[in-house]
Amino acid sequence: MGRLTTHILDTANGCPGAGVAVSLYRVDGDRRERLLNTVTNDDGRCDAPLLEGDALTAGVYELDFAAGDYFAARGVRLPEPRFLDVVTLRFGIADPAAHYHVPLLVSPWSYSTYRGS
């Protein structure tokens, strides 16, 4: 059964990104349909897959991570406007029967991602 998962690693502090607001969207052309809002747990993960089974279909998706709010809540001095605020990752699901893991490694100044397992 296919599923979509994510987690956040705070590379500036060497810890999981706990308490980060995450929104998932399905993208169709210029239209974004919000599918869910969630918050990461103490391990920087969501408590359940973002999508799984029949809810996971082929297509284009976006994950919005509220990284700026996370770092501000940790007391990091950030410029105004923030260099990174909401980090948006756009990715495609080609095989809805597969596991797509889309992590975010983030600091106040940079981020990266990859397709994990």
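For the single chain, residues carry numbers from 1 onward in sequence order.
Across all their heavy atoms, A66 and V20 have their closest contact at N-CG1, 3.9 Å. For A94 against P96, the heavy-atom pair with the smallest separation is O-CD, 3.5 Å. Heavy atoms only, all atoms of each residue included: F91 and I93 are closest at CE1-CD1, 4.0 Å. Contact between R115 and A98 at its shortest, heavy atoms only, is NH2-CB, 3.8 Å. What you find for R82 and G68 is that their closest heavy atoms are NH1-C, 3.2 Å.
Hydrophobic clustering of Ile, Leu, Val, Met, Phe, Trp and Tyr side chains at less than 4.5 Å, counting indirect connections, keeps L105 apart from V76. Hydrophobic cluster membership is shared by Y111 and Y61, with clusters built from Ile, Leu, Val, Met, Phe, Trp and Tyr side chains linked at under 4.5 angstrom. Residues L89 and L36 share a hydrophobic cluster, clusters being chains of Ile/Leu/Val/Met/Phe/Trp/Tyr side chains in contact below 4.5 Å.
For the pair T40 and V22, the minimum side-chain heavy-atom distance is below 4.5 Å. Within the 4.5 Å cutoff, side-chain heavy atoms of R26 are placed close to those of T57. The shortest distance between side-chain heavy atoms of C15 and R74 falls below 4.5 Å. Side-chain contact check for W109 versus L84: every heavy-atom pair is 4.5 Å or farther apart. Under the 4.5 Å side-chain criterion, counting only non-hydrogen atoms from C-beta, F83 is not in contact with P108. Counting heavy atoms from C-beta on, the side chains of F65 and T88 never come closer than 4.5 Å. In this structure, L35 and L50 have side chains that are not in contact, with every pair of non-hydrogen atoms separated by 4.5 Å or more.
Counting heavy atoms of neighbouring residues, nucleotides and ligands inside a 6.0 Å radius, atom CG of D95 exceeds 12 of them. Within 6.0 Å of CG in D42 there are 12 or fewer heavy atoms belonging to other residues, nucleotides or ligands.
A distance of 6.5 Å separates OG1 of T113 from CG of L104, quoted to the nearest 0.5 Å.
Classification of R90 and D64 as a salt-bridged pair fails, no side-chain N sitting under 4.0 Å from a carboxylate O.
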Can you give the donor-acceptor pairs under 3.5 Å from side chains of residues 2-12 to other protein atoms, not counting sequence neighbours?
from, atom 1, to, atom 2, distance (Å)
R3, NH2, H99, ND1, 3.3
T5, OG1, H99, NE2, 2.8
T5, OG1, H101, ND1, 2.6
T6, OG1, V102, O, 2.4
H7, ND1, H101, NE2, 2.7
D10, OD1, A12, N, 3.0
D10, OD1, N13, N, 2.9
D10, OD1, N13, ND2, 3.3
D10, OD2, N13, ND2, 2.8
D10, OD2, Y70, OH, 2.7
T11, OG1, V106, O, 3.1

